[in-house]
Amino acid sequence: MGQKTSKQKKDLTHLSDEEIERLTKNTTYTKQQIQDWHQGFIRDCPNGKLDKKKFLEVYKKFYPEGKAEKFCSQVFKAFDSDDNGYIDFVEFLIAVNITSHGDVREKLRLAFDMYDINKNGKLYS
């Protein structure tokens with residue numbers, strides 16, 4: 001009946017071993033902390049997709065004293081790297097980690113490490 005696509009759709013509600021490994025390498029969180037964050041993320045976003053409106057709502061829960069609107073718009077744009085209109089859990093946790101831990105240099109290092117796919121000290125678009 002329907003056409004088959006060459007790519008399988010990823011189940012955004014499931015956290016794979018590869019994603020856990022990526023997050024433990026690119027954030028300051030342990031495996032258990034990542035799993036705990038994931039449970040909360042799925043509770044707030046049952047389909048595994050965090051849109052811009054929901055992102056702002058969730059961010060305000062963690063940083064109620066901050067001016068979240070402008071910041072969240074910029075962060076959302078930066079971490080929605082494929083410009084699909086949502087942030088998945090991996091993108092979300094990396095964003096939270098970068099924006100909430102360490103000084104500016106540490107945040108920049110974590111952001112760079114996330115995008116340095118080949119781990120060769122260079123970024124490619």
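Count residues from 1 along the sequence.
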Given the rule that I, L, V, M, F, W and Y join up when any side-chain heavy atoms are under 4.5 Å apart, are F89 and L12 in one cluster? no
Show your reasoning for whether side-chain hydrogen bond (donor to acceptor under 3.5 Å, both in side chains) applies to T24 and E21. CA-CA 5 Å; T24 56; E21 183 178 343; over 6 Å; no
What pair of heavy atoms forms the shortest contact from H14 to E19, and how long is it? O-OE1, 3.5 Å
Residues two or more places apart in sequence or in another chain: which of them pass side chain to side chain contact (heavy atoms under 4.5 Å, CB included) with D83? D80
Measuring only between side-chain heavy atoms, which start at C-beta, is N47 closer than 4.5 Å to Y86? no
Between F92 and F79, does the ring centre distance come in under 6.0 Å? no
For a quick test of reading the model, state the closest non-hydrogen atom pair linking T27 to L93 and the distance between them. CG2-O, 4.5 Å
Are any of the side-chain nitrogens in E18 or R22 under 4.0 Å away from the carboxylate oxygens of its partner? no
What one should report as the nearest heavy-atom pair of I20 and I34 is O-CD1, 4.0 Å
Nearest heavy-atom pair of T13 and G48: which atoms, and what distance? CG2-N, 4.1 Å
Side chain to side chain contact (heavy atoms under 4.5 Å, CB included) between V96 and W37, worked out: CA-CA 10 Å; V96 169; W37 271 96; 3.7 Å; yes
Heavy atoms, side chains only, cut-off 4.5 Å: are L50 and F41 in contact? yes
When rounded to the nearest 0.5 angstrom, what is the spacing between CD in Q35 and NE2 in H38? 9.5 Å
Looking only at atom types and distance, does a side-chain atom of Q39 sit under 3.5 Å from a main-chain N or O of D36, one as donor and one as acceptor? no
Partner residues of E57 under the side chain to side chain contact (heavy atoms under 4.5 Å, CB included) criterion, sequence neighbours left out: K54
Only one of I94, L23, N97 forms a side chain to side chain contact (heavy atoms under 4.5 Å, CB included) with Y29, so which one is it? N97
The side chain to side chain donor-acceptor pair (under 3.5 Å) partners of K49 (sequence neighbours excluded) come to none
